[in-house]
Enquirer: 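The structure follows.
By convention in this document, chain letters (A, B, ...) are assigned in the order of the sequence lines, proteins followed by strands, and residues within each chain are numbered from 1.
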Amino acid sequence: MSDTGITVSKKDNFSEWYVEVVQKSCLADYAPIKGCIIFREQSYAIWEKIQELFNKKIKSSGHKNVYFPMFIPESFLKKEAEHFEGFVPEVAWVTQGGETILEEKLAIRPTSETIIYSTFAKWIRSWRDLPIKINQWCNVVRWETKATKPFLRTREFLWQEGHTAHKTSEEAKKEVFDILDEYKDIMEKFLAIPVLVGIKTDNEKFAGALYTTTLEALMPDGKALQMGTSHNLGQNFAKVFNIEYVGEDKKNHKVWQTSWGISTRLIGALIMVHGDDRGLVVPPQVASVQVVIVPITYKKGDSSAIIEKSKEILENLEKNNISAVLDDRKEYTPGWKFHEWELKGIPIRIEIGPRDLKQNQITLARRDTYQKTNAKIEDTVQATKSLLDEIQENLYVTAKERLLEKITKVDDYEAFKDTLKTKGGFLKAAWCGKSSCEEKIKAETGATIRLKPFMKESSTDKCILCNEESEEIVYFARSY
RNA sequence: GGGGCUGUCGGCUAGUUUGGUCUAGGCUUGUAGACUUGGGCUCUAUAGACCCCGGUUCAAAUCCGGGCAGCCCCA
């Protein structure tokens, strides 16, 4: 085993393992600026896949892609007080252009509500202008001071931010939950990462929102990761930016708004949830290369028949919409290639050598379980397709089992602290609804309320901390 | 937000405690070639580093200060 491969095991040293996979699988490299990474070919390919999937979804429901400037005048950002308070600690500012000191400094967008909504105010006049449903793919900057980690917490990252304006509260609410469903679909069906959905507490909600819905996944080290959020902004921004329309009733009304986003953080989750001691594992649905064909050839003896057959298989796969590559490099041994493609997480490897050819078969090796099987050459497409489905399913099911295993109901504070320390994961506990309890638990244990479930679970439990009448059962966890 | 650790060829590692005959590796990687090929094979030749700035000193990889970067723990 050489150092081109992964040298620490995921189980023994998760943090080191993550850093190795990120770099050695060509996902990212560190940039010369603290907290910034270079998105390399492997991660960008996954990002493009996510873009493709999400664009398809939102376009079919009438959203349009647009692009707004990355600079936001300070006065805009300040208009919604809670929003400004929430973001100002991590805003990067432009104060100078060339030699000229700017009269008003410009924020590099940490999120674009303010600049977009100031424009909405110009665009919206009549009820006929509504709804407006736009989305943009862009970068945002949040000047993190805490320890940064590739993909999970970086100063600059890529995301999409959707922004909508509606006539009614009901319509806005529907939008929030429709998007939440689309996010869940992408995470579970495509990234094969199971998530819990719910509502954030007031402490954790988006600054300026009425409420925030969230999707939370669990990482193998027992910490929760926020995968995406969809906010109901109510009329908070409509009021400060004066976004009004004349309704059919000829009266002025303020619009109801939503905003929502997912980011390149999803890539970090994918690495952590599926990766193993051989490197990255990419779920077939988001793999830009689903199959690699490695011919087993010999210098002595004629290998042209094997290469010919490999090319034939490649064409056949591509014809059937399976994305495949043929690795016929002569300078590397088959074993070397196996390791390299495993490091990069390609779901299926097809081996074809003299023995296979003689028996008119191929060998299929799956990335998730390392299992090898054989198939007749004429059955290649079918065998590959069903194996891809199986891998996709297996990755999801395995992750789901791990998630469920790490959801623990706790009844008292000692058990809470103990479980958090020894097992991690999500802790279901009763909570009285007071911010003071939430904050005290955070200060004492590091765990925060990740979400309140949509369906309130009936319970007679008392608050885990203060023992007063509890409002509901919520999910706590330590998080990224 | 608080604390700790670390920075040496492309990668990994030793040397720092006690400044000097210190630069080093029989490891890996790159390059050229040979050999091999159903799981990172082997051999030959060759290339390549003390994070940055400043200070102490006759002398700094080593000590001191600052910066930058990375990791870990706690909140």
Enquirer: Please enumerate all residues that pass salt bridge (charged side-chain N to carboxylate O under 4.0 Å, His left out) together with A:Lys385, with sequence neighbours excluded.
Expert: none
Enquirer: Looking across every strand, which nucleic acid part, if any, lies under 4.0 Å from A:Gly446 by heavy atom: base, sugar-phosphate, or nothing?
Expert: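 Answer is nothing: A:Gly446 stays at 4.0 Å or more from every strand.
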Enquirer: I'd like to know if A:Arg155 and A:Glu144 make a salt bridge, using a cut-off of under 4.0 Å between side-chain N and carboxylate O.
Expert: no
Enquirer: Determine the interatomic distance between P on B:rC63 and the same-named atom on B:rU16; round to the nearest Å.
Expert: 10 Å
Enquirer: Applying a 3.5 Å limit to both distances, which nucleotide forms a Watson-Crick or G-U wobble pair with B:rC71?
Expert: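 Pairing partner, where one exists within any strand: B:rG4.
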Enquirer: From the options B:rC74, B:rC71, B:rG39, select the nucleotide whose nearest atom is closest to the side chain of A:Arg478.
Expert: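 For A:Arg478, the side-chain atoms sit closest to B:rC74.
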Enquirer: Using the P atoms only, state how far B:rG67 lies from B:rU23, rounded to an integer number of Å.
Expert: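 These two P atoms come out 31 Å apart once rounded.
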Enquirer: Please tell me whether A:Trp137 and A:Trp47 form a close aromatic pair, meaning their ring centres lie under 6.0 Å apart.
Expert: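 For A:Trp137 and A:Trp47, the ring centres are under 6.0 Å apart.
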Enquirer: Would you please indicate if the ring centroids of A:Phe39 and A:Tyr44 are separated by under 6.0 Å?
Expert: no
Enquirer: Any side-chain N or O of A:Lys34 below 4.0 angstrom from OP1/OP2 of B:rG70?
Expert: yes
Enquirer: If the C1' atom of B:rC51 is compared with that of B:rA61, how far apart are they to the nearest Å?
Expert: 12 Å
Enquirer: Can a side chain N or O of A:Tyr30 be found less than 4.0 Å away from OP1 or OP2 on B:rC71?
Expert: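 For B:rC71, OP1/OP2 do have a side-chain N/O of A:Tyr30 under 4.0 Å.
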Enquirer: For A:Ala31 and A:Thr363, find the nucleotide of RNA chain B closest to each by heavy atoms; which residue's nucleotide sits nearer the 5' end?
Expert: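 Result: A:Thr363.
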Enquirer: Suppose you measure atom P in B:rG2 against the same atom in B:rG66; what distance do you get, rounded to whole Å?
Expert: 16 Å
Enquirer: Under 3.5 Å for both donor-acceptor distances, Watson-Crick or wobble: does B:rG48 have a partner, and if so which one?
Expert: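 B:rG48 is unpaired by these criteria.
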Enquirer: Hunt down the Watson-Crick or G-U wobble partner of B:rU57, both distances under 3.5 Å, from any strand shown, or write none.
Expert: none
Enquirer: For A:Thr148, report the nucleic acid contact type (base, sugar-phosphate, nothing); a contact means any heavy atom under 4.0 Å.
Expert: sugar-phosphate
Enquirer: Return the orientation label for the A:Phe87 and A:His83 ring planes: parallel under 30°, perpendicular over 60°, tilted otherwise.
Expert: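 Tilted, since the angle between the ring planes falls between 30° and 60°.
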Enquirer: If you measure from the C1' atom in B:rU17 to the same atom in B:rA69, how many Å do you get, rounded?
Expert: 25 Å
Enquirer: Partner lookup for B:rG26, please. Criteria are Watson-Crick or G-U wobble with both distances under 3.5 angstrom; report none if nothing qualifies.
Expert: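 Check on B:rG26: unpaired, no WC or wobble geometry under 3.5 Å.
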Enquirer: Could you report the tightest heavy-atom contact between A:Arg450 and A:Ala224, atom names first, then the distance?
Expert: CG-CB, 4.0 Å
Enquirer: Taking the side chain of A:Lys372 as its heavy atoms from C-beta onward, which of B:rC41, B:rG39, B:rG38 lies nearest to it?
Expert: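 Comparing B:rC41, B:rG39, B:rG38 against the side chain of A:Lys372, the answer is B:rG39.
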Enquirer: Using atom C1' of each nucleotide, how far apart are B:rU36 and B:rU42 to the nearest Å?
Expert: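 Between the two C1' atoms, the distance is 8 Å.
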Enquirer: On a plain distance test, is the side chain of A:Arg278 in donor-acceptor contact with the base of B:rG40 below 3.5 Å?
Expert: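 When only heavy-atom distances are counted, A:Arg278 does not reach the base of B:rG40 through any donor-acceptor pair under 3.5 Å.
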Enquirer: Of A:Gly335 and A:Val19, whose nearest nucleotide on RNA chain B comes first from the 5' end?
Expert: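 It is A:Gly335 whose nearest nucleotide is closer to the 5' end.
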Enquirer: Heavy atoms only, 4.0 Å cut-off, all strands: where does A:Lys442 land among base, sugar-phosphate and nothing?
Expert: sugar-phosphate
Enquirer: If you measure from the P atom in B:rC35 to the same atom in B:rG48, how many Å do you get, rounded?
Expert: 28 Å
Enquirer: Partner of B:rC35 by Watson-Crick or G-U wobble geometry, both contacts under 3.5 Å, or none?
Expert: none
Enquirer: Expressed as a whole number of angstroms, how long is the span from A:Ile33:CD1 to B:rA69:P?
Expert: 9 Å
Enquirer: Restricting both atoms to N or O, compile the protein contacts to nucleotides 1-3 of chain B shorter than 3.5 Å, with distance only.
Expert:
{"residue": "B:rG1", "atom": "OP2", "partner": "A:Thr145", "partner atom": "OG1", "Å": "2.3"}

Enquirer: If you define the side chain from C-beta out and look only at heavy atoms, does anything of A:Ser479 sit under 4.5 Å from A:Lys223?
Expert: no
Enquirer: The test is side-chain hydrogen bond (donor to acceptor under 3.5 Å, both in side chains); show your working for A:Tyr370 and A:Asp276 and say whether it passes.
Expert: CA-CA 11 Å; A:Tyr370 311 142; A:Asp276 65 15; 2.9 Å; yes
Enquirer: Can you tell me the base-pairing partner of B:rC41? Count Watson-Crick or G-U wobble geometry only, both distances below 3.5 Å, and say none if there is no partner.
Expert: none
Enquirer: Quote, to the nearest angstrom, the C1' distance that separates B:rG4 from B:rA45.
Expert: 46 Å
Enquirer: Write down the distance between CD (A:Glu351) and C1' (B:rG40), rounded to a whole number of angstrom.
Expert: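 Value for this atom pair: 14 Å.
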Enquirer: Which nucleotide in the list B:rC41, B:rG39, B:rG38 gets nearest to the side chain of A:Arg349?
Expert: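 Nucleotide nearest to A:Arg349's side chain: B:rG39.
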Enquirer: Check whether the side chain of A:Glu342 and the base of B:rG39 form a donor-acceptor pair under 3.5 Å.
Expert: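 Flag set: donor-acceptor pair detected.
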Enquirer: Parallel, tilted or perpendicular: which one describes the rings of A:Phe416 and A:Phe476, with boundaries at 30° and 60°?
Expert: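 A:Phe416 and A:Phe476: perpendicular rings.
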